[in-house]
Amino acid sequence: LRLFSTTATMSVWDDLDLLLDSPSSLTVTSSARGTVKDTANFKVEEDVSALRKAIEGIGTTEKTLIEVLTQRSNAQRQLIAKAYEKATGRTLIADLKGDTHGDFEDLLVALATPPAVYDCHEVIKAIKGAGTTESTLTEIFASRSNRQLSAMSEAYLAETGRPMINDLRSEVSGDYGKALLILAEGKRDESTSVDNAKAKADAKALYEAGEKKWGTDEGKFIDILCHRSVPQLRQTLVEYKNISKKTLQESIESEMSGNLEELLVAVVKCVKNVPAYFAEILFKSMKGAGTTESTLTRIIASRSEIDMLEIRAEYKKLFGSSLYSQLEV
C-alpha cells in the first residue's frame, strides 16, 4: 500500500494535463460535492426534543446525538441550536461539552459550530499555548477561499475583540510569516480570465528566482503564489514545467525547507487539487502509530458540505482503499 500510495501521490501532483479545465474548491461555491446536505422534511422542534431526551435522560444516548447532528446541514444545526437554547436556557454546545468526552465531544462540537467560527477556533488553538502549531495554520490558510477567510476574520474579531491578522503577526515570523499573513488577508485575485503572457513571465521569474539562481529569492515565490488567481496560477504551473522540465512543486521542495516549504507546497497543491490535498493529509493522519484525531475531525467537519465526495474519490485513487474503510479500522 505504501509503495502504491507514493507512486499515485507523485503522479497526481506531477500530472498537469487536465489541470486547466478542472473545477477548483477554492472558487466553486456550490455544495453539490459535499456529503452532507439540507435534510428534507426538517422539523426543528422534533430534533430539539430528541436531543433533549438524549442529553437530559439518565446516561447520554450517543446514537441520537450522532443521528441528529450528522444528518443535518450546518445551517440546520444552527436553527436547532437556537431553538434548543430557547427551550432550555442552555446552549447546545455547552450541553454537548458537559455530556460527551474526548474525540467524540470534539467532533459533535465541531458539527454544532458555524464553519467560520469553527475555523477561527482552530486558529486560536493553533496559536495559543506553548509553541504555534504551524501545520494547522498552513492547512487552513492554504485551503480556504477569500470568502471563507473573510468570514473567519469577522468571527475572530467577534470572539476575541482583536483582528486575526494582528494575533497572527505576533506568532509567525520570517518568510513563512510573510506568506501566511498575505494568505490570511484573503485578497487573492479572483478574476477567471487567464493572461498567458503574464503566466509565462511569472514562470520565468520563478525559474530565475529558484532553479537558475545560486540561493533562492523566496520573496518572488511568495508574491506570485499568494496573490495570483487560481486559473492564472494553474497556467503558470504549466508554463513553469515547460521551462524547467520540473514541476514548481519539485522546485520548491528542492530549493526550500521547513515551514515555508510546507506552506508554499500546500498552496501549489490546493491550486491544483484541494480534495487530493485533503485526501493526503487524511492518509498521513491515520498512518503510523496513533491517529491524529484532531486533524480527522477538522477535515471531516469542515469539508463535509464543500468537497467531501471528491476527497473520498481522490483518496481511493491515491491510496487504493476507500476512506470509509480506513476510518472503520
Donor-acceptor pair, side chain of Q148 and main chain of S145, under 3.5 angstrom:
yes
Applying side-chain contact (heavy atoms from CB on, under 4.5 Å) to E159 and not counting sequence neighbours gives V117, C120, H121
Notebook entry, point to check: Going by heavy atoms in the side chains, are R33 and P275 under 4.5 Å from each other?
Noted result: no
Residue pairs passing the salt bridge (Lys or Arg N to Asp or Glu O under 4.0 Å) test with at least one member in residues 102-121, sequence neighbours excluded, are D119-R144
With sequence neighbours left out, the residues meeting salt bridge (Lys or Arg N to Asp or Glu O under 4.0 Å) with D167 are R162
d(Y84 OH, D47 CG) to nearest 0.5 Å is 12.5 Å
*Test log, rule side chain to side chain contact (heavy atoms under 4.5 Å, CB included), inputs E293 and L107*: CA-CA 9 Å; E293 272 84 2; L107 180 56; over 6 Å; no
- Hey, is the main chain of W13 close enough, under 3.5 Å, to the side chain of K272 for a donor-acceptor pair? yes
dist L180:CG -> N259:CG (nearest 0.5 Å) comes out at 9.5 Å
Minimal heavy-atom distance between L233 and L225, with the atoms involved, is CD1-O, 3.6 Å
For L323 and M286, the nearest pair of non-hydrogen atoms, with its separation, is CD1-CE, 3.7 Å
Q. Any donor and acceptor pair, going by atom type alone, linking the side chain of S254 with main-chain N or O of S251 inside 3.5 Å?
A. yes
Going hydrophobic residue to hydrophobic residue with side-chain gaps under 4.5 angstrom, can you get from L327 over to L318? yes
- Message: Is there a path of hydrophobic side-chain contacts, each under 4.5 Å between heavy atoms of I/L/V/M/F/W/Y residues, joining F104 to L51?
- Response: yes
What's the verdict on side chain to side chain contact (heavy atoms under 4.5 Å, CB included) for F42 and I80, showing C-alpha distance, side-chain angles and the deciding distance?
CA-CA 10 Å; F42 170 59; I80 293 169; 3.8 Å; yes
Value for CZ (R77) from CG (L111), rounded to nearest 0.5 Å, stands at 4.5 Å
> Heavy atoms, side chains only, cut-off 4.5 Å: are K125 and T133 in contact?
Replying inline: no
Minimal heavy-atom distance between R188 and V267, with the atoms involved, is NH2-CG1, 3.7 Å
Q) Under 4.5 Å between side-chain heavy atoms, hopping through other hydrophobics if needed: is there a path connecting V194 to Y240? A) no
query: Can V36 and M308 be said to form a side chain to side chain contact (heavy atoms under 4.5 Å, CB included), step by step?
result: CA-CA 9 Å; V36 174; M308 187 48 83; over 6 Å; no
Self-check item: Same apolar cluster: I299 and Y118, side chain cutoff 4.5 Å
Solution: no
**Prompt:** Can you check salt bridge (Lys or Arg N to Asp or Glu O under 4.0 Å) on R90 and E56, steps first, answer last?
**Reply:** CA-CA 12 Å; R90 304 183 306 269; E56 292 168 1; 2.7 Å; yes
Taking the side chain as everything from C-beta on, heavy atoms only, tell me whether F141 gets closer than 4.5 Å to L168. yes
Taken in chain and number order and not counting sequence neighbours, the residues that satisfy salt bridge (Lys or Arg N to Asp or Glu O under 4.0 Å) with R298 are E122, E139
Subject >> Between N146 and E190: side-chain donor-acceptor atoms closer than 3.5 Å >> reply: yes
Side-chain touch K53/T61, heavy atoms, less than 4.5 angstrom: no
Check whether Q235 reaches the backbone of L20 with its side chain - one donor and one acceptor, N or O, closer than 3.5 Å.
no
- Is any side-chain heavy atom of L96 less than 4.5 Å from a side-chain heavy atom of L69? yes
Sorted by chain and number, sequence neighbours left out, salt bridge (Lys or Arg N to Asp or Glu O under 4.0 Å) with E46 holds for none
- Steps toward side chain to side chain contact (heavy atoms under 4.5 Å, CB included) verdict (Q232, K198): CA-CA 8 Å; Q232 186 66 33; K198 188 179 182 183; 3.7 Å; yes
Is there a continuous path of hydrophobic side-chain contacts, each under 4.5 Å between heavy atoms, that joins Y277 to L309?
no
Original post:
If only atom types and distance count, is the side chain of T39 paired as donor or acceptor with the main-chain N or O of Q71 below 3.5 Å?
Top reply: yes
For residues 218-237, the salt bridge (Lys or Arg N to Asp or Glu O under 4.0 Å) pairs (sequence neighbours left out) are D202-R228
Heavy-atom nearest pair, L282 first then S285, reads O-OG, 2.9 Å
Check: Judged by atom type as modelled, is there a donor-acceptor pair below 3.5 Å linking the side chain of Q78 to the main-chain atoms of A112?
Finding: yes
Here the pair of heavy atoms bringing P114 nearest to N74 is CA-OD1, 3.5 Å
- Please check if the side chain of T297 supplies one atom and the backbone of S294 the other of a donor-acceptor pair under 3.5 Å. no
Could you check whether Q326 and S321, counting side-chain N and O atoms only, form a donor-acceptor pair closer than 3.5 Å? yes
side-chain contact (heavy atoms from CB on, under 4.5 Å) filter on L26, not counting sequence neighbours, yields S24, V230, C270, V274
Distance col, row M256:CE vs D175:CG, nearest 0.5 angstrom, shows 8.0 Å
One should read off an interatomic distance between T236 OG1 and I243 CD1, to the nearest 0.5 angstrom, of 9.5 Å
- request: Verify, without hydrogens or angle tests, whether T91 (side chain) and A94 (backbone) share a donor-acceptor contact under 3.5 angstrom.
  value: yes
Applying ring-ring contact (aromatic ring centres under 6.0 Å, His included) to Y315 and not counting sequence neighbours gives F319
What one should report as the nearest heavy-atom pair of M164 and A184 is CE-O, 4.3 Å
Residues passing the side-chain contact (heavy atoms from CB on, under 4.5 Å) test with S150, sequence neighbours excluded, are E154
So CD of E310 and NZ of K317: to nearest 0.5 Å the spacing works out to 9.5 Å
Can you confirm whether K246 is buried at NZ, in the sense that more than 12 heavy atoms of other residues, nucleotides or ligands lie under 6.0 Å from that atom?
yes
The salt bridge (Lys or Arg N to Asp or Glu O under 4.0 Å) partners of E239 (sequence neighbours excluded) come to K200
In short, side chain to side chain donor-acceptor pair (under 3.5 Å) pairs touching residues 178-187 with sequence neighbours left out are none
For A116, the side-chain contact (heavy atoms from CB on, under 4.5 Å) test, sequence neighbours excluded, returns A151, A155
N273 vs E314, side-chain hydrogen bond (donor to acceptor under 3.5 Å, both in side chains): CA-CA, chis, key distance, verdict
CA-CA 9 Å; N273 186 335; E314 292 293 345; 3.1 Å; yes
